[in-house]
Undergrad: 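One structure follows; several queries about it will come next.
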Number of protein chains: 2
Amino acid sequence: MRRDVFQAIADPTRRAIIALIALQAMTPNALAEHFDTTRQAVSKHLRILTECELIKPEQQGREIYYTLEIEKMKEIDKWLEQFRKIWESRFNQLDNLLSKLKNKKS
Amino acid sequence: MRRDVFQAIADPTRRAIIALIALQAMTPNALAEHFDTTRQAVSKHLRILTECELIKPEQQGREIYYTLEIEKMKEIDKWLEQFRKIWESRFNQLDNLLSKLKNKKS
DNA sequence: TATATGCGCAACTATTTGGTTTCTCAAAAT
DNA sequence: ATTTTGAGAAACCAAATAGTTGCGCATATA
């Protein structure tokens with residue numbers, strides 16, 4: 001069973017869960033209220049997110065609060081790095097072009 | 001059929017294809033040589049990537065060169081933005097803490 | 001003109017996925 | 001002590017996915 005960050009964020013519900021938990025730790029029931037599904041479905045998503053260590057369960061009495069492991073999110077950022085280099089260099093090229101046009105005019 | 005950028009990058013082969021194409025436009029056959037699958041399998045991935053507009057086909061005789069639509073990659077970056085804010089603020093908190101410790105010493 | 005090549009498309013298969021329902025267990029509330 | 005509540009686990013199902021093989025259609029090459 002593949003289980004990595006990219007696979008985890010592929011599902012829109014899971015992305016929404018991550019966004020909610022980023023603001024504050026939440027229980028499965030509290031999360032489920034935000035979606036049009038059952039708690040069990042949310043629970044399954046939480047299991048997947050936990051397995052790839054994007055979130056962490058914290059037992060508190062009979063409730064379980066899930067918190068975001070923000071460090072793990074950086075893995076996505078790290079992968080994007082190689083492309084960021086490209087779009088930044090393209091921006092610079094455009095920038096250079098604009099300067100040249102400007103110089104021509106003046 | 002769900003078809004968005006996040007779903008597209010969920011597959012490791014597709015991520016590899018994107019990385020290869022980012023360096024230079026490539027044909028399906030050229031790409032397939034890099035993987036342990038058939039051209040048809042790669043072709044299917046290319047279709048998915050094309051559908052969500054991450055890549056663009058450019059016919060050249062009987063060959064089709066696929067180029068990366070780098071702009072689309074920014075969508076992922078945009079989504080990460082909300083979390084970047086969080087990890088940057090946490091970094092600042094750590095930064096502040098370190099300054100305080102430093103001040104205490106001196 | 002005949003053949004080879006590059007490629008997308010369709011049909012089929014096995015596996016994975018997202019969801020549901022049902023069950024059990026432990027912690028709170030009555 | 002009994003009932004309610006929060007939550008994970010298991011069994012099941014429909015849909016989606018990743019891959020395969022076989023096909024047809026162009027564009028090159030002989």
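Because the structure is predicted, anything quoted here is derived from the model rather than measured. Values below: all heavy atoms of this structure, side chains included; hydrogens, waters and symmetry mates excluded.
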Undergrad: Tell me every residue that passes side chain to side chain donor-acceptor pair (under 3.5 Å) with Lys85(B), counting only those two or more places apart in sequence or in another chain.
TA: none

Undergrad: Would you mind classifying the nucleic acid contact of Tyr65(B) as base, sugar-phosphate or nothing, using non-hydrogen atoms under 4.0 angstrom?
TA: nothing

Undergrad: dG19(D) phosphate, OP1 or OP2: any side-chain N/O from His45(B) under 4.0 angstrom?
TA: yes

Undergrad: Would you tell me if any nitrogen or oxygen in the side chain of Arg47(B) comes within less than 4.0 Å of OP1 or OP2 on dA10(C)?
TA: no

Undergrad: With sequence neighbours excluded, what pairs up with Glu63(A) under the side chain to side chain donor-acceptor pair (under 3.5 Å) test?
TA: Tyr65(A)

Undergrad: With sequence neighbours excluded, give me every salt bridge (Lys or Arg N to Asp or Glu O under 4.0 Å) pair touching residues 24-44 of chain B.
TA: none

Undergrad: Can you identify which nucleotide, out of dT17(D), dA18(D), dG8(C), has its nearest atom closest to the Ser43(B) side chain?
TA: dG8(C)

Undergrad: With sequence neighbours left out, what residues match Arg14(B) under side chain to side chain donor-acceptor pair (under 3.5 Å)?
TA: His45(B)

Undergrad: Between N or O atoms, less than 3.5 Å apart, protein on one side and nucleotides 27-29 of chain C on the other: list the pairs.
TA:
| residue | atom | partner | partner atom | Å |
| --- | --- | --- | --- | --- |
| dA27(C) | O3' | Arg62(A) | N | 3.3 |
| dA27(C) | N3 | Arg62(A) | NH1 | 3.1 |

Undergrad: Side chain of Lys44(A): nearest nucleotide among dG8(D), dG18(C), dG8(C)?
TA: dG18(C)

Undergrad: If you take any heavy atom closer than 4.0 Å to DNA chain C, which residues from residues 20-42 of chain A end up in contact?
TA: Thr38(A), Gln40(A), Ala41(A)

Undergrad: Name all residues meeting the side-chain contact (heavy atoms from CB on, under 4.5 Å) criterion together with Glu53(A); count only those two or more places apart in sequence or in a different chain, and write none if there are none.
TA: Lys72(A)

Undergrad: For residues 6-43 of chain B, which residue pairs pass the ring-ring contact (aromatic ring centres under 6.0 Å, His included) check, not counting sequence neighbours?
TA: Phe6(B)-Trp79(B)

Undergrad: Going from CG on Leu68(B) to CG on Leu23(B), what distance comes out if it is rounded to the nearest 0.5 angstrom?
TA: 9.5 Å

Undergrad: Which residues satisfy the side-chain contact (heavy atoms from CB on, under 4.5 Å) test with Arg84(B), sequence neighbours excluded?
TA: Asp77(A), Arg84(A), Asp77(B), Leu80(B), Glu81(B), Trp87(B), Glu88(B)

